[in-house]
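Chain letters run A, B, ... following the sequence lines, proteins first and then strands; every chain starts at 1. All values derive from a computational prediction rather than experimental measurement.
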Amino acid sequence: MDQYQAQWSEMIAAAIDAEAGERGIDPAARADLAFETPPSADLGDLAVPMFPFAKLLRTSPAAIASAVAARLASTAGASDGTAVAAGPYVNIRLPRADVAASAVPRVLAEGDVYGRNALYDGTRITIEFSSPNTNKPLHLGHLRNDALGESLSRVLAACGATVRSVNLVNDRGIHICKSMLAYQEFGAGETPESSGVKGDRLVGDYYVKFNEWAKQTPDAEARARQLLVAWEAGDPDVVALWKKMNDWVLAGISQTYEATGIHFDAVYFESETYSSGKDEIARGIEAGVFYREDDGSVWVDLEPIGLDRKILLRADGTSVYLTQDIGTVIARYNDSPFDRMIYVVGSEQIYHFRVLFYVLELLGYEWAGNLFHLAYGMVNLPEGKMKSREGTVVDADDLIAELTELAAAEIRAKERESAVENVDETAHKIAIGALHYYLLQVGANKDMIFNPRESLSFTGNTGPYLQYMCARVNSMIRKAADRRIELDSHIDFNVLDMAEEWELVKLVARYPATVEAAGRDYAPGLLAGYLYDVAKAFSQYYHDVPIITAPSTSVRTARLALSRAVLQVLRNGLDLLNIPYLDAM
RNA sequence: GCCCCGGUAGCUCAGGGGAUAGAGCGACUGCCUCCUAAGCAGUAGGUCCCGCGUUCGAUUCGCGGCCGGGGUACCA
């Protein structure tokens with residue numbers, strides 16, 4: 001497809017130049033040549049508007065279009081397709097059988113690696129996402145973060161990057177001390193094993209308990225702070241409790257990652273790096289890029305980037321969030337140098353990252369310019385914001401369990417138990433598919449409303465719709481094998497002469513470019529929209545046109561090959577979105 | 001106050017300088033002796049927030065409003 005566009009670009013530019021030459025005008029309009037998709041497929045496959053050349057040629061766009069089309073009629077060969085003028089546009093029809101004959105076998109030959117491209121060949125990209133706290137389980141916000149981070153990691157890898165995904169666990173600070181204090185007060189030796197409660201939930205429950213307790217206990221907050229001081233001083237009992245409770249939480253969170261297909265190449269703990277930024281601050285003072293106040297606190301002047309000023313070290317010498325992130329990213333770079341680093345973190349921290357990147361620049365790190373904050377919007381509920389205090393936070397495990405239950409009920413209602421073999425496993429995969437698609441559909445920079453009822457829906461523009469199309473095609477391919485319909489090595493693509501088939505060929509051929517666009521824009525959602533287009537187009541085709549029951553062998557074979565190509569594209573795309581593939585449902 | 005993001009069908013969201021602006025849900029209507037009806041087809045539903053500007057052309061870009069969200073010099 002790309003090569004056709006490149007060829008036509010040359011030919012059309014030459015035709016316009018020739019028109020200009022005939023009128024004694026200097027050519028130079030090539031830059032204005034743009035390709036679009038005509039609003040309707042019967043107009044053509046590619047469209048080039050002639051508006052931009054009207055001024056240069058001093059005639060109407062429609063006249064230019066006819067003149068250009070007339071010239072192209074003689075210059076273009078049959079293997080290029082044909083160009084026709086349609087009002088102010090030059091529309092191009094590609095040679096369908098040729099395109100199909102190159103695109104479909106290519107998909108089938110490349111298989112699982114179809115769609116890989118060279119966009120980021122030789123580029124090392126580190127991507128940080130999830131970043132849980134160890135005082136409570138993951139919630140809906142993390143699920144959006146994880147869906148974006150995991151999917152983007154896969155997309156970038158498909159674009160040729162060497163991806164290193166990292167998780168920064170926020171395992172220290174006042175929040176975990178609050179859970180610890182409540183546990184000391186009320187825990188009575190309870191463990192995940194003794195209570196049967198998942199570790200992250202157990203610790204989260206004590207966090208909630210702390211907040212209730214603190215309302216009628218004036219010194220609760222102060223005692224939590226004392227615990228933090230004791231922890232920083234290395235008090236053995238406190239550290240032991242901290243370790244124990246953190247392990248519970250991490251074990252629980254790992255289970256959630258496993259359930260959602262989230263993977264990290266490295267896990268960093270804030271407790272191990274939180275103080276490492278202090279040396280950098282000292283260096284900055286020496287270099288004169290930071291300054292010290294009378295009380296001993298250290299600041300950076302942000303006036304050059306249009307902001308105020310920011311504290312880097314408190315008067316008591318303790319570090320703040322920014323200091324920690326400075327230390328963390330430097331340690332990480334030294335660990336494993338990168339050409340780019342992407343932080344998948346909520347948009348409420350846009351300011352934080354702007355300052356962080358600027359401070360690193362001040363410190364002279366030449367890679368500071370390669371840091372990128374992929375900000376995503378808040379996940380709200382139809383009733384409004386999620387509030388942990390009001391208990392309206394949607395717990396990740398609960399949501400997945402609920403989705404799984406509904407999917408299982410659906411399988412039973414449709415009496416598909418024997419077809420799917422393992423009901424629970426299939427239901428879980430459908431639940432994850434529904435969840436991830438729902439979260440990735442929305443552009444990252446937008447806040448989104450998570451409607452539980454709607455997210456539980458498995459019909460329409462949803463993850464399960466895509467999974468269902470895969471299952472249908474797969475089932476058909478199985479039947480084809482049963483009926484001994486072999487894939488002929490000499491497929492006659494001329495028999496794919498229906499408009500629906502041509503649409504599918506074009507869609508399938510566009511997959512690598514779509515992966516590339518998703519990688520370039522850090523936008524997995526582009527892929528989600530594309531896959532829905534593919535599934536919808538195939539669904540119509542499949543409904544209207546017999547494939548393995550087509551009357552002639554040559555038609556059956558060609559349609560089956562096209563169907564297999566569609567399945568391969570759906571399968572590869574779903575993998576990049578971290579939506580489980582199902583061969584039956 | 002200042003900075004960032006958003007505003008598209010009743011709802012949730014795509015799209016994007018170019019031809020009649022899309023999908024799903026919801027409403028209504030058809031289609032299972034036929035490769036899985038988690039499907040397919042159709043009907044109804046729009047001042048693309050408002051104004052000005054740039055442009056041959058703006059829903060898309062710029063500026064100014066309005067509305068909503070977020071951030072804003074010691075929480076992360």
J.: Just by distance, no angles: are the side chains of A/R510 and A/T514 close enough, under 3.5 Å, to form a donor-acceptor pair?
T.: no
J.: Salt-bridged, A/R416 to A/E410, with N to O below 4.0 Å?
T.: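 Looking at A/R416 and A/E410, the cut-off is not met.
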J.: How would you label the contact of A/A407 with the nucleic acid (heavy atoms, under 4.0 Å): base, sugar-phosphate, or nothing?
T.: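 No contact.
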J.: Counting only side-chain heavy atoms from C-beta out, which of B/C13, B/G15, B/C56 sits nearest to A/K55?
T.: B/C56
J.: Working to the nearest 0.5 Å, report the span between OG1 of A/T426 and NE2 of A/H428.
T.: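 That separation rounds to 11.5 Å.
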J.: For atom C1', what is the distance between B/G24 and B/C52, given to the nearest Å?
T.: 36 Å
J.: Using 0.5 Å steps for rounding, measure from the CZ atom of A/F269 to the CG atom of A/N167.
T.: 8.0 Å
J.: What nucleic acid atoms does A/K536 come within less than 4.0 Å of, heavy atoms only: base, sugar-phosphate, or nothing?
T.: sugar-phosphate
J.: Identify whether any heavy atom of A/A528 sits under 4.0 Å from a base atom; if not, whether one sits that close to sugar-phosphate; answer base, sugar-phosphate or nothing.
T.: nothing
J.: State whether A/Y274 and A/R172 meet the cation-pi test: NZ (Lys) or CZ (Arg) under 6.0 Å from the six-membered ring centroid, and within 45° of the perpendicular axis.
T.: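 Yes, a cation-pi geometry holds between A/R172 and A/Y274.
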J.: What nucleic acid atoms does A/D316 come within less than 4.0 Å of, heavy atoms only: base, sugar-phosphate, or nothing?
T.: nothing
J.: Could you label the plane-to-plane angle of the A/Y89 and A/F51 rings as parallel, tilted or perpendicular, counting under 30° as parallel and over 60° as perpendicular?
T.: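 The rings of A/Y89 and A/F51 stand perpendicular, inter-plane angle above 60°.
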J.: So what does A/I411 touch, heavy atoms closer than 4.0 Å: a base, only the sugar-phosphate, or nothing?
T.: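 Contact class for A/I411: base.
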J.: Using a 4.0 Å heavy-atom cut-off, does A/I449 contact any base of the nucleic acid, only the sugar-phosphate backbone, or nothing at all?
T.: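 Sugar-phosphate, no base atom in range.
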J.: Assign a letter to each nucleotide of nucleotides 26-35 of chain B from its 5' end: B, base within under 4.0 Å of a protein heavy atom; S, sugar-phosphate only; -, no contact.
T.: ---------B
J.: Determine the interatomic distance between C1' on B/U59 and the same-named atom on B/G7; round to the nearest Å.
T.: 12 Å
J.: Between A/K446 and B/A14, does any side-chain N or O lie under 4.0 Å from OP1 or OP2?
T.: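 Indeed, a polar side-chain atom of A/K446 lies that close.
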J.: Work out how far the C1' atom of B/G46 is from that of B/G10, and round it to whole angstrom.
T.: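 After rounding to an integer number of Å, I get 12 Å for this pair.
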J.: Would you mind classifying the nucleic acid contact of A/G443 as base, sugar-phosphate or nothing, using non-hydrogen atoms under 4.0 angstrom?
T.: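 Here A/G443 touches the backbone only, sparing every base.
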J.: Could you tell me whether the side chain of A/N91 has a donor or acceptor atom within less than 3.5 Å of a complementary atom in the base of B/A19?
T.: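 Side chain to base: pair present.
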J.: Nearest 0.5 Å, what's the CG-CD1 distance between A/L527 and A/I579?
T.: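 Nearest 0.5 Å value for the CG-CD1 distance: 9.5 Å.
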J.: Provide the distance between the two C1' atoms, one in B/G30 and one in B/G17, to the nearest whole Å.
T.: 41 Å
J.: Does a nitrogen or oxygen in the side chain of A/Q441 sit under 4.0 Å from OP1 or OP2 of B/U12?
T.: no
J.: Scan A/A34 against the nucleic acid and name what it touches under 4.0 Å (heavy atoms): base, sugar-phosphate only, or nothing.
T.: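 No contact.
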J.: OP1, OP2 of B/A73 versus side-chain N and O of A/K310: anything below 4.0 Å?
T.: no
J.: Within this structure, what is the CZ-to-P distance between A/F290 and B/C74, rounded to whole angstrom?
T.: 17 Å
J.: Could you please name the option among B/A76, B/U36, B/A19 that lies closest to any side-chain atom of A/R416?
T.: B/U36
J.: Considering only atom C1', compute the distance from B/C25 to B/G62 and round it to an integer number of Å.
T.: 36 Å
J.: Strictly by Watson-Crick or wobble contacts shorter than 3.5 Å, is anything paired with B/C75, and which nucleotide is it?
T.: none
J.: Heavy atoms, side chains only, cut-off 4.5 Å: are A/L313 and A/K278 in contact?
T.: yes
J.: Touch check for A/Y89, heavy atoms < 4.0 angstrom, all strands: base, sugar-phosphate only, or nothing?
T.: base
J.: Students often mix this up, so state it plainly: with edges at 30° and 60°, are the rings of A/Y522 and A/F372 parallel, tilted or perpendicular?
T.: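 Rings of A/Y522 and A/F372: perpendicular, as their planes differ by over 60°.
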J.: Within the 3.5 Å criterion, strictly below it, is a donor on A/Y468 or A/R472 matched to an acceptor on the partner's side chain?
T.: yes
J.: Parallel under 30°, tilted from 30 to 60°, perpendicular over 60°: which one fits the rings of A/H142 and A/H139?
T.: tilted
J.: Give me the distances for all protein-to-nucleotides 69-71 of chain B N/O pairs that come in under 3.5 Å?
T.:
| unit_1 | atom_1 | unit_2 | atom_2 | d |
| --- | --- | --- | --- | --- |
| B/G69 | O2' | A/D447 | OD2 | 3.1 |
| B/G70 | OP1 | A/K385 | NZ | 3.1 |

J.: What's A/L313 touching, base or sugar-phosphate or nothing? Going by heavy atoms closer than 4.0 Å.
T.: nothing
J.: When all nucleic acid strands are considered with a 4.0 Å heavy-atom cut-off, which category describes A/D308: base, sugar-phosphate, or nothing?
T.: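 Base contact - A/D308 has a heavy atom under 4.0 Å of at least one base atom.
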J.: Taking only the side-chain nitrogens and oxygens of A/N133, find out if one of them lies under 4.0 Å from OP1 or OP2 of B/A76.
T.: no
J.: For the P atoms, the ones on B/U54 and on B/U72, what distance do you get once it is rounded to whole angstrom?
T.: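 Comparing P positions in B/U54 and B/U72 gives a spacing of 39 Å.
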J.: Would one find a side-chain N or O of A/Y468 under 4.0 angstrom from OP1 or OP2 of B/A38?
T.: yes
J.: Is it true that the side chains of A/S179 and A/N135 contain a donor and an acceptor less than 3.5 Å apart?
T.: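 A/S179 vs A/N135: no donor-acceptor pair found between side chains.
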J.: Could you state the atom-to-atom distance from OH of A/Y358 to C1' of B/A73 in whole Å?
T.: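 Going from OH in A/Y358 over to C1' in B/A73 covers 14 Å.
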J.: Heavy atoms under 4.0 Å, any strand shown: does A/Y465 hit a base, just sugar-phosphate, or nothing?
T.: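 Sugar-phosphate: the residue A/Y465, judged by heavy atoms under 4.0 Å, touches backbone atoms but no base.
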J.: Between B/A73 and B/C49, how far apart are the two C1' atoms, rounded to whole Å?
T.: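 That atom pair is separated by 35 Å.
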J.: Roughly how many Å apart are B/A23 and B/G39, using the P atom of each and rounding to a whole number?
T.: 16 Å
